[in-house]
Amino acid sequence: MPLQIYDTFSNEKKLFEPIDPSNVRMYVCGPTVYDFPHVGNARPVIVFDLLFRLLRRIYGNDNVTYVRNITDVDDKIITAASENNEDIKSLTERTIKFFHDDADYIGALKPTFEPKATDYINDMIDIISSLIEKDYAYVSEDNVLFSASKFSKYGQLSGKNLEEMIAGSRVEVESFKRSSSDFVLWKPSKSSEPGWDSPWGKGRPGWHIECSAMSEKLLGKNFDIHGGGQDLIFPHHENEIAQSECANNEKFANFWLHNGFVNVEGNKMSKSEGNFVTVNQLKQKYQGEVIRLAMISTHYRQPLNWTENNLIECKKTLDKWYQLISENNFSFDNEKISSEVINALEDDLNTPKAISVLHQLYKDCKSNDRNTVETFLSSANFLGMLMHTSSEWLSWGKEKLSIDEKQIELLISERKSARDNGNFDKADKIRNDLEHKGILLEDNEGKTTWRFK
RNA sequence: GGCCACGUGGCGGAAUGGUUACGCAGAGGACUGCAAAUCCUUGUAUACCGGUUCGAUUCCGGUCGUGGCCUCCA
């Protein structure tokens with residue numbers, strides 16, 4: 001089945017055809033590094049990781065270039081740094097490390113390139129200069145602004161039209177803008193703020209220009225896929241198109257992909273609402289694969305309601321799956337990945353369907369051979385799950401235990417003799433006491449094993 | 001106010017112009033001293049009103065509801 005993906009620009013599911021099958025190019029907007037990533041930030045990391053995996057499978061591991069940028073210059077960073085009383089560099093470097101830890105934790109492969117905005121300031125200045133030269137941009141009070149009305153396609157990605165936007169504008173037009181829809185390419189920096197020398201004085205880039213610069217530098221003027229969260233459609237991606245296409249006279253990205261939001265109690269999870277859960281907080285209670293499964297159990301374009309219940313359910317599923325592979329040393333085999341799983345993903349990343357195939361494969365494993373189990377395992381691995389051994393999985397969180405293993409073994413044998421003597425009250429008390437400490441005892445085929453709750 | 005998306009069982013969540021996947025929970029059973037885990041069986045749903053059609057949950061129109069964007073956001 002050929003790969004089909006939903007393109008936001010044309011609002012339809014389309015057959016994906018790469019510009020160059022020997023170098024399929026994808027750019028995804030990454031984090032602005034000023035704080036711990038929350039679950040909403042993690043969604044595109046996982047969604048586009050899956051697309052990356054799928055593209056690599058279809059076109060070959062060496063034939064896909066995945067760029068996920070890091071925004072390390074931004075007003076929020078400046079504000080956060082001054083609130084923490086630390087310098088910007090130390091804030092961004094620390095936050096990048098948090099981000100990498102979290103991305104690893106949820107099983108995301110490393111992108112091919114992870115450019116930082118501050119390394120591309122000169123490229124941004126070049127684009128801005130060319131936009132001024134072509135009269136798409138103008139200088140006003142030390143700012144450089146893009147004149148949205150000069151780009152006839154402005155609004156096409158987000159389905160807006162300029163006049164309505166200007167009419168419905170809810171924010172006051174800043175004095176240096178000719179029109180409310182014009183946006184900043186370059187702005188002046190105060191002496192306390194980070195700044196770079198430019199033809200328009202010491203300043204820093206506007207938010208959108210970095211992606212135009214970095215994508216062009218690393219992927220070329222025209223590339224295959226540009227992705228990010230739905231909240232970036234407008235204005236961020238709309239503005240990127242305007243800048244890049246006006247500067248280059250060439251089509252920017254061929255496909256636009258946007259993931260839906262993560263909701264909490266029906267409302268969008270966001271930093272400004274304060275209703276967020278960070279990946280770092282979840283690490284205390286759940287393995288990364290639990291977060292990953294919870295994330296991909298909803299189709300990427302649908303809103304995803306984040307609940308504890310869902311996490312518990314996903315953990316149970318993974319516990320069950322890990323039990324199946326505990327018996328032998330099953331191994332991953334690229335050739336054994338279920339074609340049904342691939343088909344599901346090739347249909348606009350239908351992960352819920354892919355998961356239902358895993359459930360079916362799990363059932364098939366019962367009555368079948370090693371080969372079936374390896375198909376199950378390989379398929380799960382392809383989705384970034386069952387990457388650990390069963391014992392690693394089951395002993396997860398051991399260090400947080402308030403009781404040591406020898407003691408548990410001791411209690412198990414105490415319980416055994418109680419049971420042998422028919423003293424079930426005592427036996428049950430031992431089991432219950434351990435359960436209160438988060439240890440579950442399981443009696444199977446005459447043997448008692450334990451695991452974490 | 002403008003634009004857009006969505007509304008499937010108790011919950012999560014796919015799909016489809018003609019028997020509505022799958023998972024969790026629930027119920028019943030096997031196993032167990034009792035549980036747990038596992039296995040087997042199983043009930044339950046397409047917001048509302050019209051239209052098109054032999055047939056609509058699916059297509060079209062309207063109503064209601066929810067959410068998003070229009071301002072920083074993944």
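So that the names make sense, note that chain A is the first sequence line, chain B the second, and so on, each numbered from 1.
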The side chain of [X] lies closest to which of these nucleotides: [options]?
X        : options             : value
A/Pro44  : B/A14, B/G33, B/A74 : B/A74
A/Lys366 : B/A74, B/C39, B/C24 : B/C39
A/Ser356 : B/A21, B/C39, B/A37 : B/A21
A/Lys76  : B/G12, B/C72, B/G33 : B/C72
A/Arg415 : B/C34, B/A36, B/C39 : B/C34
A/His359 : B/C22, B/G33, B/C39 : B/C22
A/Lys320 : B/C70, B/C72, B/G23 : B/G23
A/Lys268 : B/G68, B/C39, B/C70 : B/G68
A/Thr32  : B/A74, B/C22, B/G23 : B/A74
A/Gln302 : B/C34, B/C6, B/A74  : B/C6

Reference residue A/Cys365; test side-chain contact (heavy atoms from CB on, under 4.5 Å); the match among A/Leu377, A/Leu324, A/Asn371, A/Thr375: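 Only one option passes, and that is A/Leu324.
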Nearest atoms (heavy-atom pairs only) where A/Arg178 meets A/Tyr138: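 Minimum heavy-atom separation between A/Arg178 and A/Tyr138: N-OH, 2.8 Å.
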Between A/Thr372 and A/Asp369, a side-chain donor and acceptor under 3.5 Å: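 Result is yes, a qualifying pair exists.
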No-hydrogen, no-angle side-chain donor-acceptor test under 3.5 Å, A/Tyr322 and A/Gln287: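 There is no such pair (donor and acceptor under 3.5 Å, judged by atom type) between the side chains of A/Tyr322 and A/Gln287.
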Atom P, compared across B/U53 and B/U58: separation rounded to whole Å: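 Going atom to atom, P in each nucleotide, I get 16 Å.
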Nearest-Å distance once atom P is located in both B/G13 and B/G17: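 These two P atoms come out 22 Å apart once rounded.
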Rounded to the nearest Å, what distance is computed from the [atom1] atom of residue [X] to the [atom2] atom of nucleotide [N]?
X        : N     : atom1 : atom2 : answer
A/Asp443 : B/A35 : CG    : P     : 12 Å
A/Lys363 : B/C24 : NZ    : C1'   : 13 Å
A/Gln360 : B/G23 : CD    : P     : 8 Å

Any donor-acceptor N/O pair under 3.5 Å between B/G33 base and A/Asp428 side chain: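 Between B/G33 and A/Asp428, which were checked side chain against base, a qualifying N/O pair under 3.5 Å is present.
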Side chain A/Arg431 and base B/C34 donor-acceptor under 3.5 Å: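 Between B/C34 and A/Arg431, which were checked side chain against base, a qualifying N/O pair under 3.5 Å is present.
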Who pairs with B/U38 - Watson-Crick or G-U, where each distance is under 3.5 Å: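 Partner of B/U38: B/A30.
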Under 4.0 angstrom between A/Asn350 side-chain N/O and B/A15 OP1 or OP2: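 The answer is yes; a side-chain N or O of A/Asn350 sits under 4.0 Å from OP1 or OP2.
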Distance below 4.0 Å between A/Tyr362 side-chain N/O and B/C39 OP1 or OP2: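 Yes.
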Sugar-phosphate, base or nothing in reach of A/Ile233, heavy atoms under 4.0 Å: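 Contact class for A/Ile233: none.
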Any donor-acceptor N/O pair, A/Asp182 side chain to A/Lys177 backbone, under 3.5 Å: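 Not a single qualifying donor-acceptor pair exists.
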